[in-house]
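Everything below concerns the one structure shown next.
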Protein chains: 2
Amino acid sequence: MTTTKKITISDVAKHANISKSTVSQYLNERYEYMGAQTKQRIHESIIELGYSPNYLARSLKQKKTFTIGIIVANILHGFSTKVIRAIEDACNEENIHTIVCNTDEDPEKEQKYMEMLQAKQVDGFIVFPAGENAKVYQRMLEQKIPLVFIDRIMPDLKIDTVLMDNERASELAVENFAKHGHEKLAIATPELKPYMTPRLERLSGFKKALQTNNLPVKEDYLISENLDSLQERLQHMFAMEDPPTAILANNDLTLVEMLEFFKKSDIRLPDDISIIGIDDVPFANVYHPGITTIEQPAFKIGKKAAELLFDQINDTASEPEVYRFAPKLFERESVKTLYE
Amino acid sequence: MTTTKKITISDVAKHANISKSTVSQYLNERYEYMGAQTKQRIHESIIELGYSPNYLARSLKQKKTFTIGIIVANILHGFSTKVIRAIEDACNEENIHTIVCNTDEDPEKEQKYMEMLQAKQVDGFIVFPAGENAKVYQRMLEQKIPLVFIDRIMPDLKIDTVLMDNERASELAVENFAKHGHEKLAIATPELKPYMTPRLERLSGFKKALQTNNLPVKEDYLISENLDSLQERLQHMFAMEDPPTAILANNDLTLVEMLEFFKKSDIRLPDDISIIGIDDVPFANVYHPGITTIEQPAFKIGKKAAELLFDQINDTASEPEVYRFAPKLFERESVKTLYE
DNA sequence: CTGTTAGCGCATTCAA
DNA sequence: TTGAATGCGCTAACAG
């Protein structure tokens, strides 16, 4: 066995009796002007010494780390996980690694992460922006650091952004409810904040679709509430004289909260209430009844974001744009047909 | 605005009219022998120039990157995601970043990732081993590269390993079934492979617990089958003359598959069959009936793994050991009381 | 208290 | 076709 000492490129050069630069060429597969036996000798020396290159040194020289940063609110959220997986798959093909950081929606944490990753010289960022950090993004733009946003639009920034067509998602839900004869439609979303594009758009899309379908927009049916007080709010709504017959859950967490409420309150699906959830959930199929869901094209979104970032990194990018991907409705049994 | 050129430490030094090394000391907070106004001047120069340090160069010199690698089969699996999150939280406190790679259980991919991350000089690895790469791990051991395993035990390797007490998990399930009067207990697990510690131990723990509780071990009730043919296999079992009254799902995926089968076959929970699932699932509460589950202490596992790795990195580690964490049973409504 | 010097491991001119 | 020299940006002795 070789000693514990780190083998460098000059050790290999010495061993093969040639110069460092030739070895370097070999490593970078520039075989063009290299003698066949030189090549052979280098190859042998490398395995004999158990040499493995130090990419750090290489990156320092080349100013490229083949590493990107992904900044996300919380890796535990299903949508984020899927998007990240898609990004990693795309990166894998380009031999790029990803460093992912959880901000928990904390702008300061986000900023700290971005700065540290910049210090580590990552080649670019894909971020689910926490909002409120516009100046940081702005500076990155000026420094021409490759950057792609996912899921949330920062209106004043010219940055590639990819997300689902959220308005279309609510529209799909409304259309499906309407098709089954529902007219009293409700929606429940977590607390709205200005930069939370998906929630905002899903709500506005819901209202628009109501109008398009000549359905009444009833303010009492529009719930936006923190998850921990959502059940209470639902309780009020279903205690009303004229409760809705159908409700859209704005995301997976909302859906689970709603289901818990219905279970506790003995409100039966789909007889007492029809339901559609935005976001895929693993139990949609096996629930009683199967839950009609609208899936986000998470993999497409992740893939596209990666591609856009690669374009920026390789300097082949076009003007920044917002890319929207279509949602898809999976009809199951949670919407009752009213035959009205 | 400053030009697009990269500001380095010598620019700062020049600007502040002192030497690079003093600036370097400032950056590393070695203020001890530094004049107050020197400090002040450096500080001003830094913000004036908009300097941000290049950690790559620093890492090259210090032989430490403050980055670790996490090798996992698939980030989409709930358990992995939670463990990773816990690791990242622990890393965050030490200002360490994580690069995570998905192997999809492919040993070659795993090896490639580990080699590339070594080339990037990561300070250590936390891996969910895919098995079959014993020689790679062995080499890492010899090179004294900090390494911690999660979830799977490689018996011939002296490496810190942290996982749930899997046998105890099955035991908890058996005890709960027994408490409710069940005697005909089945288990379903995905295909067994030699290095898949959790599945193996959960099965062996199940059998042991059966004996401890003086319950019969019936081979027909022990299903180990790929997910895509599991339903078929269940069909056979429930078509038997004397089917089980209770069944343990070895993990979350198995549980979902089972629930789908029961739904399709109109086998009612918990009247026709009682069920417990190992692994937390987001719908355990809201399902009808609520599913009794046994949760893996994913956060504890991740945290411990990170701590062990830090110890190795800081050279404060003790002998490699296997650490097991207790599972926890959450009783809900999916186990019927038989009063036999 | 601060500056000088010498690398870390590699890639890249430019000569030979 | 190969080798010598230079520097990426930073840290770490060691002087002064």
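Residue numbers begin at 1 in each chain, while the letters A, B, ... track the order of the sequences.
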Contacts under 3.5 angstrom, residues 49-56 of chain B side chains, donor-acceptor by atom type, not counting sequence neighbours:
from	atom 1	to	atom 2	distance (Å)
B:N54	OD1	B:L56	N	2.8
B:N54	OD1	B:A57	N	3.2

* Structure fact -> Going 5' to 3' through nucleotides 5-16 of chain D and flagging B where a protein heavy-atom sits under 4.0 Å of the base, S where only the sugar-phosphate is that close, and - otherwise, we get --BBBBBB----
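Here A:Y26 pairs with A:Y31 under the ring pair (Phe, Tyr, Trp, His ring centres under 6.0 Å) rule; sequence neighbours left out. A search for salt bridge (charged side-chain N to carboxylate O under 4.0 Å, His left out) contacts involving B:K109 returns B:D104, not counting sequence neighbours. Applying the side chain to side chain contact (heavy atoms under 4.5 Å, CB included) test to B:Q312 and every residue at least two apart in sequence or in another chain returns B:P146, B:V148, B:D160, B:A317. B:E321 is linked by a salt bridge (charged side-chain N to carboxylate O under 4.0 Å, His left out) to nothing, counting only residues two or more places apart in sequence or in another chain. Partners of A:Q25 according to the side chain to side chain contact (heavy atoms under 4.5 Å, CB included) rule, which considers only residues two or more places apart in sequence or in another chain, are A:R30, A:M34. Residues passing the side chain to side chain contact (heavy atoms under 4.5 Å, CB included) test with A:N17 are A:R41, sequence neighbours excluded. Residues forming a side chain to side chain contact (heavy atoms under 4.5 Å, CB included) with A:T197 (at least two apart in sequence, or on another chain): A:R152, A:I153, A:L163, A:E201.
The NZ-P distance, from A:K39 to D:dT2, rounds to 11 Å in whole Å.
Annotation: A:E44, atom CD; neighbour count of heavy atoms from other residues, nucleotides and ligands within 6.0 Å is above 12.
Applying the side chain to side chain donor-acceptor pair (under 3.5 Å) rule to pairs touching residues 57-66 of chain B yields B:T65-B:D123, sequence neighbours excluded.
Along DNA chain C, read 5' to 3', the first and last nucleotides having any atom under 4.0 Å from a heavy atom of chain A are C:dG9 to C:dT12.
Note on B:T38: only backbone sugar-phosphate atoms sit closer than 4.0 angstrom, heavy atoms only; bases stay farther off.
Note that the two end axes of the helix from C:dC1-D:dG16 to C:dA16-D:dT1 enclose an angle of 40°, each drawn from 5 base pairs, rounded to 10 degrees.
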